[in-house]
Every structure is written in C-alpha cells, then in structure tokens.
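Labels below follow one simple rule: chain letters A, B, ... track the order of the sequence lines, proteins then strands, and each chain is numbered from 1.
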There are 2 protein chains.
Amino acid sequence: MAVTYREIKADILGRITRGDWKPGSLIPGELELAETYGAARATVNRAMRELAEDGIIERKRKSGSRVRLSPLRQARFDIPIVRREIEEQGAAYRYALVQSELVAAPDWVRARMGLAPGGKVRHLVCLHFADGAPYQHEDRWINLSVLPQARDADFATAGPNEWLVAQIPFSEAEISIAATAADAALSEHLACALGDPLLQIERSTRWKGQAVTFVRLVHHRGHRMTARY
Amino acid sequence: MAVTYREIKADILGRITRGDWKPGSLIPGELELAETYGAARATVNRAMRELAEDGIIERKRKSGSRVRLSPLRQARFDIPIVRREIEEQGAAYRYALVQSELVAAPDWVRARMGLAPGGKVRHLVCLHFADGAPYQHEDRWINLSVLPQARDADFATAGPNEWLVAQIPFSEAEISIAATAADAALSEHLACALGDPLLQIERSTRWKGQAVTFVRLVHHRGHRMTARY
DNA sequence: ATAGCCCTCAAGTCCAGACAAAAGGCCGTC
DNA sequence: GACGGCCTTTTGTCTGGACTTGAGGGCTAT
C-alpha cells in the first residue's frame, strides 16, 4: 500500500515535537522527503502544505521549509446561530422581540457600518432565552438601502439572524470580542446586577462592499467561549 | 493557460452567492465540473475541498456535494505572544515579574490542570506593559512534575511564555474567553477601577496527556480581540 | 420482516511527470 | 562598487490516469 499524506504529516510532526528538527531549522526538501518516504512529491507536498496551514512550519520558495521559531497559535471559534447553540446544550430555546423601529442610523452606528448621513436602518432589540433564563441580548441594525425587505419583515416570532441567513447566506464579516459592563437596560434584560462584567461580541457584515448589518451580542453573566487547538 | 483551482473555487463561490445554487441544493459532481471547466478532476477536487473547509459546502461520498443550509460561521483568532502583539502595534514592550513562588497547587488550579493532590507548581504573576501603560496581567501555573526545570528558571527579565515555548514548542491547548470584574489586585496592576469589566483569556496546555501549564491572562480595560472571515 | 451481502457511485487519495512562479545567488557591465 | 539581468533552486500547481473508501440501495436467504 502506498504511504498516505496523513502518515507523512504525522511522522514529520513527530520528528518536530520529538526535537529531531528544532525550531528555526531547515526541513529536507520535498524531493528528498518523497524519496525517503517512497511517495510522490504531490503527496509530500500535501502533508507539508497542511503543516504550514496549521502554523507548524513556514515555507518559502527557493529557501525551503523551516520549523517556526514560535509556533503560530491560532484558535478557531465556531460562531453558531444562537438557537442552535442553545438547543445543542439540551436547553429549551425561546425568543423575544423587545423593540423594533425604523430610524436614521445614529452616528456611532453610521461610523461602524460606513453609512451615508441620514441612512435609514431597521433597529431591533431581541432576547434569547435558554430554559427560561436570559442567555443573550441582541442589538441589531440592518441597512435598509441594501436590504429594503427588512422594512416589512416580521421579527416577532423568529430572530433576525435566521431571517438574514435566508436573505444573504454568504458574506464577509468582521467580529470583535470585548468585555463590557451591564448598563440599566442590560442588567434588567439579562437579570444581572448593574455593572456586572459581560462578554460582548460585535459583528459587522458586508456584502459586495456594502454594510449589511451590525450586531452587538451581549451574553449572560458568566458566559464563556471555548476552543481547542 | 490552464484553469487554476482558485478560479474554479471563486467561480463556484460566485454561483452560490449569486443564488444560482441555493442552500441545500446539490452541486454537480467533480467529474462534471472538471469537464465544464476543462480541468482535471484533481483540480476541481482541491477547489471543492477548500470550500468544504471554509464551511461553504458539505461533501459526502456517494451522495455528492451540497450547499450548506446555514453557512458554518467560524472565526480564527491568532493568539500571539504578548511581546510580539505589543511590538507589532508599534509600542514599546516592558515586562515585570510581580510574584514568584513554589507551592502545592490550590484546589481550583488542581481541578483545572488535573493534577494529583499535593502536586507542586511554580506560580508566577507577571505584568506586560505597552508604552508604559499596563497591557496584560498574567497569572501562570507551571506543573513541576512535567517541567522540573521551571523550579530554577529565572523569570525576572523574560516572560514565562517565551521560556515555555523553548521548552515544549508544540502542545495541545484549550482556550476559553470570558468577561471578569477587576478585583483589588487587578485594578491596581492594570490601573483601572474596582469592578471594571475586563477581557480574560484562560489557556491550559497539555503535552502527551499531561497538563503543562495553566494561565489566566487579563487584559487592560477596553481591550478587544478582532478577527475577519 | 430482517439481517447480511454485493454492487455502484461519488468523493478521497495517490502517482509520475510537467510547467509556473518566486526568490536567492552569480556574473557582467558601467 | 552599484545595478541589472540570467540561472538555479524550491515550492506551487496542473494533468490524466488509477485505485481506495464509505455510504446507499437493492437483492437474497433466513
């Protein structure tokens, strides 16, 4: 049987972790590795390419591949739809619309979304509950010049997230995470004390260069995001 | 010139975002696509494979490839070494060791790291400054039964992170993000008010199944982590 | 019915060979 | 000595062909 790229990848990784090939040192070229493993160069290439994607090695034409000095640590977080996230925990999901209005975007939203002055947006405030307890507070702004349908859509029974996914399923987004203190509204909606530290995720989504929506998601007290790598 | 896998990937993605191929629908097979693009099947395969990795499509043998119902949203955050993170912002980096001790791990640390009762650890408290302003507070615990060298290492001038990378460059880790309130020590070290909301990252690292180190990184007030996808 | 077996189909992987592209190094000219 | 332009090395990608693997579907014997 032929040698698989997984075996090669695992073996190379083993040599690196065992210290045979130290950080900063040069790894044999693809041609040489192909010969030692008795595989085609394409196979070795795939193993090496994945190691580079994983941040283990660094590759450059002409110079060759070397083990990274300090391994590039990168964590992938899944950003699920809230409903799915809650249901996967085995909890009952409930949604509530708190506020809904059509307004000219306030300045800070305009800045975040890159809208023209006087740009109209649909502003929604929603709550997501897990087993009856408040789970997430959603403050969403939808650009009506890109999505005029949002003017008449009904968000009383289903969250805007699921509606948006149906409208523009694929888009680019920028996401940022920070800690914030509960203000009066948040403390009431999330059933926590004024000033409690809360995890806040902001996401702005664009499609064909135009801002579609900006959302600020504030989680219940004590929420944590976890990833492995 | 031959058709590149990037062109094919971009074209397929275009058809999906334009709505030619709707979420949930089946995409033509690799063989058919190879013919329409005039490329080899391996080339089409690479394009499709990457689309699957990006969470755009779902692939199954026998049944074929279909557009995901709701695109899997996942964000990749780079977790750089603090010093690098600060220097890349063009700020001057300064490190300070606040506390250093050899102790039996307290219960909560033992639980987090999965240590035996009475397990000895090196406990360090450090501060990282950017342009003189406190940037990050580091509360680190190192398992001495895995890394006995940590007993005598000197952390007065360089942070434990860089020392650890040299000892065990490659390891598995679990990372979790949450919001926390500044206690007395944090508010003093990070120059903020008592109770201020702060972004906290916890990371526990293991190597060959053994817990190596657990660290709690608390950032200065207002810090945010950003990613794009 | 139902458990077990085989066939088929589509993705997954591999190969040997070829050319492309980036990035060093070398050499000659000015 | 400085500046280009050429050569070489190494990774990056494409081809066309083959075999492998996993999952469905259907057939058969119990």
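- Relative ring orientation between B:His220 and B:His223 is described as perpendicular, the plane-to-plane angle rising above 60° on a 0-90° scale split at 30° and 60°.
- Expressed to the nearest 0.5 Å, how far OG1 of A:Thr17 lies from NZ of B:Lys208 amounts to 7.0 Å.
- Between C:dA18, D:dA18, C:dC9, one nucleotide has an atom nearer to the side chain of B:Arg41 than all others, and that is D:dA18.
- Looking at every heavy atom in both residues, B:Pro160 comes nearest to B:Leu124 through CB-CD1, 3.8 Å.
- Looking at heavy-atom distances under 4.0 Å, B:Ala42 makes contact with a base.
- Considering only the side chain of B:Asn45, C:dT13 comes nearest among D:dT13, C:dT13, D:dT21.
- Comparing C:dC9, D:dT11, D:dT15 against the side chain of A:Arg59 picks out D:dT11 as the nearest.
- Both A:Gly38 and B:Pro28 sit near DNA chain C, but only B:Pro28 has its closest nucleotide nearer the 5' end.
- Nearest-nucleotide mapping onto DNA chain D: of A:Gly64 and B:Val44, the residue sitting toward the 5' end is A:Gly64.
- In this structure, the nucleotide among C:dT13, D:dT13, C:dA11 sitting nearest to the side chain of B:Arg46 is D:dT13.
- For a distance-only test at 3.5 Å, the side chain of A:Arg61 qualifies as a donor-acceptor partner of the base of D:dT11.
- Comparing atom distances between the A:Lys62 side chain and each of D:dA23, C:dA22, C:dA11 picks out C:dA22 as nearest.
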